[in-house]
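Structure first, commentary second.
Computed from a prediction, not measured in an experiment: that's the story for all the values here. Residue numbering restarts at 1 for every chain, and letters A, B, ... go by the order of the sequence lines.
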2 protein chains.
Amino acid sequence: MMNKKCSFDTRKNIAFMFSLSEENYLKTIFHLEKINSGGVSTNALAGEMETKASSVTDMLKKLSEKKLVKYRKYQGVQLSDKGHKAAVEVIRKHRLWEVFLVEKLNFSWDEVHDIAEQLEHIKSEKLTQELDKFLEFPKRDPHGDPIPDAEGNFRIANKVLLADLEEGESGICVGVKDSSTEFLQYLDKNNIALGKSVTVVHREAYDESLFIKINDEDLHVSKSISNNLFVKPVE
Amino acid sequence: MMNKKCSFDTRKNIAFMFSLSEENYLKTIFHLEKINSGGVSTNALAGEMETKASSVTDMLKKLSEKKLVKYRKYQGVQLSDKGHKAAVEVIRKHRLWEVFLVEKLNFSWDEVHDIAEQLEHIKSEKLTQELDKFLEFPKRDPHGDPIPDAEGNFRIANKVLLADLEEGESGICVGVKDSSTEFLQYLDKNNIALGKSVTVVHREAYDESLFIKINDEDLHVSKSISNNLFVKPVE
DNA sequence: AACAATTTTTAGCCTTACCTAAAAATTGTT
DNA sequence: AACAATTTTTAGGTAAGGCTAAAAATTGTT
Ligand SMILES: [Mn+2]
Ligand SMILES: [Mn+2]
Ligand SMILES: [Mn+2]
Ligand SMILES: [Mn+2]
């Protein structure tokens, strides 16, 4: 018995199809599939969503009934085409709103994620399209993550972790793996920003820390830093 | 036992204080108080919210416990100072987002309300402030309604219904009472827009329809039109 | 192959925000 | 004042999305 309360989006949009919670699950499954491709586990999902495994199982059954995921008991879950499409749409909105906040409203890159978590659930296809146009179809969000186009296509980037560069190699900072306020503020503090060039001068074998040159200055960064900064290798 | 799920707004904002539903009730009570000042009835609220009186009673108890309203059984409800403040904040956000949609994203005034209904619930004080600044502190939304400032102060306007003008009197269109798509599209179709000057040429006594002059053209409008268009009387 | 550890599911509850039906209070009419 | 009509509240339920604790399935280790 479909509840009415649907004041918006009755017309143009098939949207309001998915609840806020469903959208968050889909998005998280999407992100986890990229890491351990081949079935996302209930526990992994519970960890990422900061909820309990039993709650995840409940939701997976619901998503499965709606044909958004392929789910076999005890065997983990995968997005269906329909689920994939829905997840990408949410990610597209999240990243567009992040660009809006930084480019138009003077937010810094460490302040936008939590607000985008809310804005990504606004239902209006026209809004998303017009926002995209207003922002002049940005290719990447403030953290260097790619923004899928209206058809859901990502342009994938040639990027590696700073940690994976060899001694003597250089790269351009193009993204962050960790978008936490803490990490982003560390980067700000040390004058590391997307677009800047960085060179690995020396790798300390014992702790895998790196001595790097950035902004013509020398900096010593731990593995936990180099492992969260993406660079586009130069040459 | 306060449920955690509060991923956003843990820091700066005391917000996430009110649920989406609570905010909608507060907003609706605010609007109804302006009409029948002196206690909003359960039924009026149920009608406006498209819900049942019993549901309203439930919610009024909750709002009352949270000190957002003054509620005495069978005696209707009034906003407390705290509730008033919360309602105004939601209305401020609603109207700012409407301005954003029209001014920046090429929406027309009949398309923005439903999207603003969603956006008005986004929690971030900084977002509201920056949006206000980005829009250059607009005083009115696309329908002519006043936008409260950050302190919650409305600039009230000198406006009357077109229906209340006498024969021979003129006014400038400054707002609409009915913001429905249908009414706004009627106005568009007949070239009536905010800022335009209108003169009452003749009032038809029988049906209270008006023969008006607008854009140098003659137009005959029914009472249900003249009763939903606000004008600022000239002279 | 057997047992232990871990993961996942089930069963049973809770809260929010709705609902219907019935009871109670208020209001209107004679 | 009495009765009827209307409004409002109460009582009891539902669905979504959480939770805990216990049961079941899978995985790892000997
Ligand atoms: Mn983000
Ligand atoms: Mn989210
Ligand atoms: Mn509106
Ligand atoms: Mn609303």
Quiz item: Salt-bridged, A:Lys133 to A:Glu130, with N to O below 4.0 Å?
Solution: yes
Quiz prompt | Residue A:Asp81 excluded, over 12 heavy atoms near CG under 6.0 Å | solution = no
Quiz item: Between A:Trp97 and B:Phe100, how do the two ring planes meet: parallel, tilted or perpendicular, split at 30° and 60°?
Solution: tilted
Quiz item: Taking CD from A:Glu65 and C1' from D:dA15, how many angstroms apart are they, rounded to a whole number?
Solution: 13 Å
Quiz item: Does OP1 or OP2 of C:dC18 have a side-chain N or O of B:Ser21 closer than 4.0 Å?
Solution: yes
Quiz prompt | Donor-acceptor pair between B:His94 and B:Asp141 side chains, under 3.5 angstrom | solution = no
Practice problem: Treat primed atoms plus P, OP1 and OP2 as sugar-phosphate and everything else as base, then score nucleotides 7-12 of chain C 5' to 3': B for base contact with protein heavy atoms under 4.0 Å, S for sugar-phosphate contact only, - for none. | Solution: SBBB--
Quiz item: Do A:Ser209 and A:Asp207 have side-chain atoms, one donor and one acceptor, less than 3.5 Å apart?
Solution: yes
Practice problem: Mind telling me whether B:His84 and B:Phe30 have parallel, tilted or perpendicular rings, with 30° and 60° as the class edges? | Solution: tilted
Quiz item: Given atom CG of A:Leu63 and atom C1' of D:dA16, what is their separation to the nearest angstrom?
Solution: 13 Å
Quiz prompt | Interatomic distance, B:Leu45 CG vs C:dC18 P [rounded to whole Å] | solution = 11 Å
Quiz item: How does DNA chain C read in dot-bracket, base by base from 5' to 3', with Watson-Crick or G-U pairs under 3.5 Å and | used when the partner is on another strand?
Solution: ||||||||||||||||||||||||||||||
Self-check item: Interatomic spacing from CG in B:Leu68 to OH in B:Tyr25 - rounded to 0.5 Å
Solution: 14.0 Å
Exercise. Take atom CD of A:Glu50 and atom P of D:dC19, then tell me their distance rounded to the nearest Å.
Key: 10 Å
Exercise. Look at B:Lys52 and C:dC18 and indicate whether a side-chain polar atom (N or O) is within less than 4.0 Å of OP1 or OP2.
Key: no
Practice problem: Over 60° means perpendicular and under 30° means parallel, so classify the ring planes of B:Phe183 and B:Tyr186, tilted if in between. | Solution: parallel
